[in-house]
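Quick caveat: nothing in here was measured; it's all calculated off a predicted structure. When a ligand or atom number is given, it counts from 1 through the structure's own listing order.
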Amino acid sequence: MGLFNFFSKQKKETLDKGLEKTKESMFSKLSRIVAGKSKVDEDVLDDLEEVLITSDVGVNTTLKIIERIEARAEKDKYVNAEELNNILREEIVALLTENNTTDTEDFSIPEDKKPYVIMVVGVNGVGKTTTIGKLANQFKKAGKSVYLGAADTFRAAAVEQLVIWGERVGVPVVKQAMGSDPASVAFDTLSSAKANNADVVIIDTAGRLHNKIGLMNELSKIKKVMDKIIPEAPHEVLLVLDGSTGQNAFEQATQFTAATDVTALAITKLDGTAKGGVVIGISDQFKIPVKYIGLGEGIEDLQVFRRKEFVDSLFGE
Ligand SMILES: Nc1nc2c(ncn2[C@@H]2O[C@H](COP(=O)(O)OP(=O)(O)O)[C@@H](O)[C@H]2O)c(=O)[nH]1
Ligand SMILES: [Mg+2]
């Protein structure tokens with residue numbers, strides 16, 4: 001086996017293992033609804049709707065999927081109920097790829113923006129700092145020089161945690177005292193990164209969703225300061241969502257996208273939860289691409305989100 005195949009096999013294993021709980025839960029529910037049935041009828045469709053909704057796919061996306069399955073069962077009269085898994089897989093992939101966004105291929109970043117600035121947002125505890133550490137590791141492995149900015153100055157532990165990730169990955173972390181102005185930290189980070197000709201800057205922020213206006217003001221202040229040093233920065237605003245919170249993740253996505261221009265999503269903690277179906281709903285409902293998925297606490301447990309690969313893993317053998 002070649003080295004490339006070895007790594008892609010490892011990645012597939014991480015994905016399959018990470019999605020195990022969601023998969024088991026969905027699979028057992030699906031098996032129950034098709035038991036003793038020989039075709040996809042109204043009853044099966046009703047039960048299927050319930051399975052998808054209780055798997056956190058979300059109502060709107062579930063209805064779209066049901067519509068597709070219904071049309072398919074009509075056209076294809078002899079569809080065996082036991083093949084439901086395959087049909088579901090095909091129709092969900094088709095639905096998600098209809099969305100006009102494209103999959104992210106790998107951890108590469110645009111070469112023409114230097115440094116490329118990523119601002120990471122999301123409520124406290126969703127996995128922002130961890131995702132930043134994992135991302136920094138990927139960028140560094142790809143030969144990029146990375147700077148991290150500890151603009152979550154709200155809690156002392158937050159700064160310390162980013163510093164630990166910085167040491168682990170081997171990239172500099174720009175910080176100030178706890179309680180200092182996040183915009184000032186962002187300013188320092190971008191200045192250092194620019195002076196040192198860095199390739200990527202990732203800015204951690206505090207996830208205070210006290211109210212929409214407060215959040216908007218805080219984020220736009222940080223953005224304004226960035227733009228002064230590097231025009232057009234931040235190039236990417238990455239919203240991190242905790243997948244294990246299911247419908248709450250939907251809610252947070254709605255609130256943050258209303259407060260600031262989010263350009264990409266990361267959905268974390270898919271390991272250890274049966275709510276992984278939420279990725280399908282979020283990918284379908286938001287025009288913003290899901291770029292990364294978190295599959296564990298380890299440094300390698302972050303993957304780029306590829307729709308087909310994800311759905312195949314979920315409804316795979
Ligand atoms: N199982 C699992 N835990 C994660 C993942 N991402 C983050 N965490 C954990 O979630 C907790 C909060 O993460 P943190 O990065 O501090 O969140 P932040 O407050 O948004 O910066 C930590 O204990 C992380 O180890 C993930 O993909 N899977
Ligand atoms: Mg943090």
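- For ligand 1, the atoms sitting less than 4.0 Å from at least one non-hydrogen atom of V123 are 20 (O), numbered in the order shown with element in parentheses.
- D199 and K144 are not joined by a salt bridge, as no carboxylate oxygen comes within less than 4.0 angstrom of a charged side-chain nitrogen.
- Note on ring orientation: taking the six-membered ring where Trp is involved, the planes of H235 and Y116 are parallel (angle under 30°, cut-offs 30° and 60°).
- V200 and I118 get closest at one heavy-atom pair: CG1-CD1, 4.2 Å.
- Residue contacts with ligand 1 leave out G122, since none of its heavy atoms falls under 4.0 Å from the ligand.
- Looking only at protein heavy atoms, the nearest one to atom 16 (O) of ligand 1 is Q161 NE2, 2.9 Å.
- Salt-bridge formation is not detected for the pair K223/E232: no Lys NZ or Arg NE/NH1/NH2 atom is positioned less than 4.0 Å from an Asp or Glu carboxylate oxygen.
- Atoms of ligand 1 found under 4.0 Å from any heavy atom of G127, numbered from 1 in the order shown, are 7 (C), 13 (O), 14 (P), 15 (O), 17 (O), 18 (P), 20 (O).
- Between I69 and E91 there is a side-chain heavy-atom pair separated by less than 4.5 Å.
- The single protein non-hydrogen atom nearest to atom 11 (C) of ligand 1 is K269 NZ, 4.0 Å, given as residue, atom name and distance.
- Near L295, meaning under 4.0 Å from one of its heavy atoms, ligand 1 places the atoms 27 (O).
- In this structure, Y292 and F107 have parallel ring planes: the angle between them is below the 30° cut-off, well short of the 60° mark.
- Atoms of ligand 1 found under 4.0 Å from any heavy atom of G294, numbered from 1 in the order shown, are 27 (O).
- Residue nearest to atom 12 (C) of ligand 1, selected from G125, G243, G133, G18: G125 (by heavy-atom distance).
- The backbone N or O of L270 lies less than 3.5 Å from no partner atom in the side chain of T22, so there is not a single donor-acceptor pair.
- Only protein N, O or S atoms were considered, and those under 2.8 Å from the Mg ion (ligand 2) are T129 OG1.
- Ion pairing between D103 and R306 fails under the 4.0 Å rule for side-chain N and carboxylate O.
- Contact of the T153 side chain with the Q176 side chain is not registered, since no non-hydrogen atoms from C-beta on lie closer than 4.5 Å.
- Between D284 and K64 there is a salt bridge, with a side-chain nitrogen of the basic residue lying less than 4.0 Å from a carboxylate oxygen of the acidic one.
- Residue-ligand proximity: N124 is placed with a non-hydrogen atom under 4.0 Å from ligand 1.
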